[in-house]
Every structure is written in structure tokens, then in C-alpha cells.
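Since the model is a prediction, treat every value here as computed from it, not as a measurement. All residue numbers refer to positions in the sequence shown, counting from 1.
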Amino acid sequence: MQVLLINTIEINPYDFMDSDDPKLNDLREDSSQFWTACISHRGLGRLKAIRRGSYLVDLTTVDDRELEEILKNELEEVDVMAYDEQVGRISGGVALSLGDRIYIAPNCCGDMGDLVGWEDIFLDTTGAWRQLWIGHPWVYYRVVDERVEFSDYTEKAGTEDLSVLVAVSKVELMAEVRRVRVEQDLFEQRIQRVLEKMGIAHGEEIAKIMTGN
């Protein structure tokens with residue numbers, strides 16, 4: 001089975017919901033329906049999460065109109081003139097799938113800048129377990145011959161008794177990391193263009209911060 005990496009951004013339903021909509025209360029028990037109802041309020045209802053119950057969306061599926069709504073939300077309480085202090089990275093990160101199953105996905109506190117951790121995998125020559133920051137709980141990886149093994153999710157500080165969740169081809173993973181790096185660089189450029197269209201100053205610098213580039 002071919003390994004696939006997905007560059008994602010997180011779209012939190014509570015950032016977009018219409019708090020005065022009484023129908024939302026009836027949907028809270030179904031996280032997917034609740035998510036779709038909330039983001040539809042701001043014209044994002046076309047977007048699909050990478051799996052049921054997730055708030056993560058493949059960034060390549062977001063069009064410029066939707067991106068503008070997302071950026072409005074990101075900058076809603078930001079003083080753009082103090083962008084270097086107030087703008088943060090967009091939540092999300094890299095997800096790994098094999099076949100039809102997503103094995104690894106960004107967690108709490110993960111963001112787009114975490115791609116650098118995936119790039120660092122190929123610098124390791126020790127064969128020891130190393131932490132891969134995807135938010136928390138996190139995972140560990142180790143390079144064994146021509147494959148990369150990833151541990152199950154953990155919040156333990158040590159590497160004792162880690163179990164292998166999935167192993168993938170090192171060559172295939174390297175190709176995927178390079179591909180999503182290109183995707184992320186192009187996404188940075190798109191953010192800059194949309195910010196300029198919105199009349200937001202310092203678009204180039206803000207786009208770099210948001211993507212962690």
C-alpha cells in the first residue's frame with residue numbers, strides 16, 4: 001500500500017458557529033453534523049474533514065473564497081500592525097494514511113509549522129526512537145533500514161515499551177514529505193495573495209508566520 005501524507009488545517013466549529021441558531025443544540029451529539037452546520041454559517045459547508053469526527057481539512061481542497069473566510073477568523077482579534085507579536089500559526093499539520101486508514105493526524109497544539117519535524121526524520125541515523133511533534137498526545141518514530149516505524153500515540157516522556165503503530169517505506173515517505181512541502185509553500189503564496197486582496201498590510205510576513213515557513 002502506498003503511503004500518503006495530507007497537509008491539513010484545522011477548522012474549529014466553535015470559531016464559525018452562529019450561537020443564536022437553536023438547531024445547533026440538537027446536533028451536538030453528532031460531532032460531524034455539528035461541525036458541518038457550524039462552518040456552513042460562514043460559507044464553508046462544502047469542505048470535508050479528512051475523517052468523520054475530525055476538524056481537519058486537506059488544505060488543497062480549500063478555494064480562495066473559503067480561505068478568505070478562514071483568514072478573517074484567524075485575524076479577527078489581531079492588530080495587523082503588530083502582526084509579529086499577535087499572528088500565530090494556523091492549527092493543523094501533516095496526517096499520514098496508508099490504504100484507506102489514517103494512522104497519524106495532528107492533535108491539540110499541532111500547527112502547519114510542524115512539517116519541519118517530518119523533514120527531520122531523514123536526518124536521523126541512530127535507529128533510536130525520536131519524538132515527532134504533532135501536538136499531544138504525540139508519536140515517536142525510528143528509521144530502521146529502508147523503513148520508518150511510527151509508534152502508537154503516547155504521552156509518556158520515555159521510549160520504553162513503545163509499540164509500532166505503522167511502518168512505511170523510507171523512500172516513499174521522503175517523496176511525500178517533499179510533495180507536501182511544495183504544497184505548503186504554494187499555500188503560503190495563496191495566503192499572501194488573499195490577504196492582499198483583502199487589503200491587509202504585511203501579507204507576505206503574515207503568510208510566513210501562519211504557515212511556519
Side-chain angles (χ1 to χ4, degrees), residues 2-12 15-16 35 39 42-51 54-76 78 80 83-84 86-98 100 102-107 109-123 132-135 141 148 150 168-213:
Q2 184 77 24
V3 62
L4 175 69
L5 296 184
I6 307 169
N7 242 334
T8 73
I9 58 174
E10 182 183 54
I11 302 180
N12 190 316
D15 292 339
F16 296 92
W35 180 76
I39 67 174
R42 292 277 291 274
L44 304 177
R46 184 190 66 85
L47 299 176
K48 303 295 182 184
I50 60 171
R51 61 182 172 190
S54 173
Y55 300 161
L56 297 170
V57 170
D58 183 338
L59 62 80
T60 66
T61 66
V62 179
D63 66 27
D64 283 355
R65 181 192 60 78
E66 293 159 339
L67 180 56
E68 182 172 344
E69 284 301 315
I70 293 167
L71 294 175
K72 285 178 182 178
N73 176 72
E74 292 284 333
L75 298 173
E76 189 172 13
V78 169
V80 174
Y83 69 89
D84 53 337
Q86 297 189 24
V87 174
R89 293 176 179 175
I90 296 177
S91 296
V94 177
L96 181 149
S97 70
L98 196 63
D100 295 328
I102 293 176
Y103 285 87
I104 298 172
N107 289 321
C109 301
D111 62 57
M112 291 189 67
D114 296 338
L115 175 55
V116 69
W118 292 82
E119 293 171 323
D120 287 346
I121 289 174
F122 310 104
L123 303 178
L132 176 66
W133 179 253
I134 58 168
Y141 69 87
V148 181
F150 294 92
V168 300
S169 161
K170 179 180 176 182
V171 172
E172 290 181 8
L173 183 64
M174 186 180 296
E176 281 295 286
V177 169
R178 289 171 176 164
R179 181 183 62 79
V180 295
R181 166 53 69 190
V182 172
E183 281 184 358
Q184 184 159 315
D185 290 345
L186 291 173
F187 192 65
E188 177 196 332
Q189 295 171 22
R190 286 185 59 206
I191 290 175
Q192 179 181 345
R193 289 197 301 270
V194 172
L195 289 174
E196 290 171 351
K197 177 186 173 184
M198 294 166 61
I200 303 294
H202 308 291
E204 180 177 359
E205 295 86 350
I206 291 173
K208 286 186 178 298
I209 293 172
M210 286 182 162
T211 56
N213 285 352

*State which residues pass side chain to side chain contact (heavy atoms under 4.5 Å, CB included) with E172; sequence neighbours excluded, sorted by chain then number.*
Q2, V3, S169
*Any Lys/Arg nitrogen of E76 or K72 sitting under 4.0 Å from an Asp/Glu carboxylate oxygen of the other?*
no
*S54 versus W35: any side-chain heavy-atom pair under 4.5 Å?*
no
*Check I102 against A95 and note the closest heavy-atom contact, atom names and distance.*
CG2-CB, 4.4 Å
*Report the distance from atom CG of D120 to atom CG of D114, rounding to the nearest 0.5 Å.*
11.0 Å
*asked:* Quick check: do L56 and P106 have side-chain heavy atoms less than 4.5 Å from each other?
replied: yes
*Between CE of M174 and CZ of F122, what distance do you get to the nearest 0.5 Å?*
5.0 Å
*Got a donor-acceptor contact below 3.5 angstrom from the T8 side chain to the G93 backbone?*
yes
*Sub-4.5 Å side-chain heavy-atom contact between V177 and V94*: no
*Under the side chain to side chain contact (heavy atoms under 4.5 Å, CB included) rule, what do I200 and L71 come out as? Steps first, then yes or no, please.*
CA-CA 10 Å; I200 303 294; L71 294 175; over 6 Å; no
*With a 4.5 Å limit on heavy-atom distance, are the side chains of I206 and V78 in contact?*
no
*asked:* With a 4.5 Å cut-off on side-chain heavy atoms, are N12 and S91 touching?
replied: no
*asked:* Could you walk me through whether V180 and E183 satisfy the side chain to side chain contact (heavy atoms under 4.5 Å, CB included) test, starting with their C-alpha distance in whole Å, then the side-chain angles of each, then the deciding distance to 0.1 Å, before giving a yes or no?
replied: CA-CA 5 Å; V180 295; E183 281 184 358; 4.0 Å; yes
*asked:* Parallel, tilted or perpendicular, judged at 30° and 60°: which one describes the rings of F150 and Y141?
replied: tilted
*Taking the side chain as every heavy atom from C-beta outward, state whether E205 and L195 have any atom pair closer than 4.5 Å.*
no
_The criterion is salt bridge (charged side-chain N to carboxylate O under 4.0 Å, His left out); which residues satisfy it with R190, sequence neighbours excluded?_
D64
*Between N213 and E188, what is the shortest heavy-atom contact and its length?*
ND2-OE1, 2.6 Å
*Go through the steps to decide whether L75 and M210 satisfy the test side chain to side chain contact (heavy atoms under 4.5 Å, CB included), and finish with yes or no.*
CA-CA 11 Å; L75 298 173; M210 286 182 162; 3.7 Å; yes
*asked:* Working to the nearest 0.5 angstrom, can you tell me the gap between L47 CG and D63 CG?
replied: 7.5 Å
*Not counting sequence neighbours, which residues clear side chain to side chain donor-acceptor pair (under 3.5 Å) with K48? List them please.*
none
*N7 side chain to L59 main-chain N or O, any donor-acceptor pair under 3.5 Å?*
no
*Please, which pairs that meet ring pair (Phe, Tyr, Trp, His ring centres under 6.0 Å) have at least one residue in residues 177-213, sequence neighbours excluded?*
Y83-H202
*Report yes if the side chains of I104 and W118 come closer than 4.5 Å at any heavy-atom pair, otherwise no.*
yes
*Does the side chain to side chain contact (heavy atoms under 4.5 Å, CB included) test come out yes or no for L173 and L96, once each step is laid out?*
CA-CA 9 Å; L173 183 64; L96 181 149; 4.1 Å; yes
_Considering all heavy atoms, the nearest R89-G212 contact_ = NE-CA, 3.7 Å
*Where the side chain of E176 meets the backbone of L5, is there a donor-acceptor pair that is under 3.5 Å apart?*
yes
_Where I6 and I50 come nearest, the two heavy atoms and their spacing_ = CG2-CG2, 4.2 Å
*Return yes if some donor-acceptor pair links the side-chain N/O of Q184 with the main-chain N/O of T211 below 3.5 Å, else return no.*
yes
_Is a donor from one side chain sitting under 3.5 angstrom from an acceptor on the other, for Q192 and E196?_
yes
*Which atom names give the shortest non-hydrogen contact between T61 and E66, and what distance separates them?*
O-OE1, 3.9 Å
*Do T60 and L186 have side-chain heavy atoms sitting under 4.5 Å apart?*
no
_To the nearest 0.5 Å, what is the distance between OH on Y103 and CG on L4?_
13.0 Å
*To the nearest 0.5 Å, tell me how far L67 CG sits from L44 CG.*
10.0 Å
*Does D185 have any salt bridge (charged side-chain N to carboxylate O under 4.0 Å, His left out) partners at least two apart in sequence or in another chain, and if so, which?*
R181
*Taking only residues two or more places apart in sequence, or in another chain, which ones meet E10 in a side chain to side chain donor-acceptor pair (under 3.5 Å)?*
none
